[in-house]
Participant: 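Here's a structure for you.
Counting starts at 1 for both ligands and their atoms, in listed order. The shown structure was predicted, so the numbers you read here are calculated from the model rather than taken from an experiment.
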Amino acid sequence: MATSCDTVVNVIVQPLRESLNSLGFEVYPLKIGWYNAVVSQAHQLQYSADTLALVVLSTPSMFEKVFLPFLRTGCCKGVRDPVDQCVAQTIKSCVSECLPDQSVDITFDYEMLPNRKPKFLAQTAAHVAGAARYYQPSDIQDPPWGNKKMFGVCIHPRLGGWFAIRALLVLKSVEVGEALQQVAPPNCVSSRDARIELLERFNLCWRDWTYRDIIPTEERYSPQQREYFITPPDQRGELLRQWGFLPEAETETQTSTNKQG
Ligand code: B12
């Protein structure tokens, strides 16, 4: 089905966007071809270049709007990572409600291929969709860290680093052709010095979260959300018990990754 941008955005994407926005998520459209144009062969997504995809970000309010209510339902018992579980459940249910007639492949940030590569590169997807600019070490000439391996980081124009990239939705039978125009993500960390500072914070002291405040932001994680993500994953079950979301003797909730939001 070849569709004009207006039709796709208004008729297909808008209901999903509104529904996820109300729950603390943001949704940005992209074409698979934009993503495949920049990643290496090993990371190519096997869809035609004009296929419509959506990248989904969680914003700070997701914690209060969706995660705390999810915990109150008692669904976190025995779950490996309660946030991942909650996000997956929310996105899947919004997709089936808002896109009932579409065939949608949903991939989450934590999903890996058998060769242990991520199923999609979340930062690249966010950048090509215009959601958050991906600052990569390769953008900086003669970096002060020399040949040391450094990871890149996305910065959102309104949220700085206070967000996570959660999922890629591919609408397999929607081709958008020339109608969907690519928008560059705002370049909010523009000077070389600021970019060096950003990458150093993200790589050398990411646990203090100062990379998230590299620019002034409209929203941040609440004290309760910070407490949750700052707690090492293997101790989050105990924290949920203290908060009253798990019964006293329960030991089932185990999280094995070292993941924050
Ligand atoms: C594996 C992984 C890790 C590994 C390795 C990191 C890495 N970047 O390789 C480890 C465990 C170290 C890690 C740590 C952290 N991670 Co991590 N991690 C991931 C994960 C699952 C995959 C990343 C990956 O393997 N990349 C592979 C490499 C090869 O990709 P790449 O370097 O970007 O290379 C590609 C681009 O350069 C692209 N490309 C080439 N040319 C061009 C040109 C342009 C213009 C563009 C856009 C792209 C592009 O092509 C290359 C591939 O061919 C992602 C989620 C995901 N599914 O993407 C989260 C993710 C990157 N992690 C994230 C975070 C927050 C962290 C931590 C802070 C911990 C945490 N979760 O709180 C730490 C910080 C890093 C540190 N100092 O240790 C966030 C980053 C958010 C952001 N704002 O950018 C992500 C996106 C998860 C999320 N849900 O939001 N992580």
Participant: State, to 0.1 Å, how close Cys86 and Val66 come at their nearest heavy-atom pair, and which atoms those are.
Facilitator: SG-CG1, 3.5 Å

Participant: On a heavy-atom basis, I'd like to know which of Trp162, Tyr211, Phe229 is closest to atom 65 (C) of ligand 1.
Facilitator: Tyr211

Participant: If you measure every N or O of Ile165 against every N or O of ligand 1, does any of those distances drop under 3.5 Å?
Facilitator: yes

Participant: Would you say Tyr110 touches ligand 1, if touching means a heavy atom closer than 4.0 Å?
Facilitator: no

Participant: So is Phe151 polar-close to ligand 1, meaning N/O to N/O under 3.5 Å?
Facilitator: no

Participant: So, does Arg166 sit close enough to ligand 1 that a heavy atom of it is under 4.0 Å from the ligand?
Facilitator: no

Participant: Is Ser40 close to ligand 1, meaning an N/O of one under 3.5 Å from an N/O of the other?
Facilitator: yes

Participant: Give yes if a backbone or side-chain nitrogen or oxygen of Tyr134 is under 3.5 Å from a nitrogen or oxygen of ligand 1, and no if not.
Facilitator: yes

Participant: Consider ligand 1: state whether an atom of it lies below 4.0 angstrom from any non-hydrogen atom of Phe163.
Facilitator: yes

Participant: Do the two ring centres, one from Tyr35 and one from Phe120, sit under 6.0 Å apart?
Facilitator: no

Participant: Would one find an N or O of Gln123, backbone or side chain, under 3.5 Å from an N or O of ligand 1?
Facilitator: yes

Participant: Looking only at distances, can you tell me whether any N or O atom of Ala122, backbone or side chain, sits closer than 3.5 Å to an N or O atom of ligand 1?
Facilitator: yes

Participant: Any nitrogen or oxygen of Leu121, main chain or side chain, under 3.5 Å from a nitrogen or oxygen of ligand 1?
Facilitator: no

Participant: Going by the side chain to side chain contact (heavy atoms under 4.5 Å, CB included) test, name the single residue among Val183, Leu180, Thr124, Leu168 that passes it with Leu30.
Facilitator: Leu168

Participant: Taking atom 48 (C) of ligand 1 as the point of reference, which of Arg201, Arg212, His127, Gln136 owns the nearest heavy atom?
Facilitator: Gln136

Participant: Would one find more than 12 heavy atoms of other residues, nucleotides or ligands at under 6.0 Å from atom NZ of Lys92?
Facilitator: no

Participant: Given side chain to side chain donor-acceptor pair (under 3.5 Å), test Ser48 with Glu175 step by step and report yes or no.
Facilitator: CA-CA 8 Å; Ser48 69; Glu175 297 217 334; 2.6 Å; yes

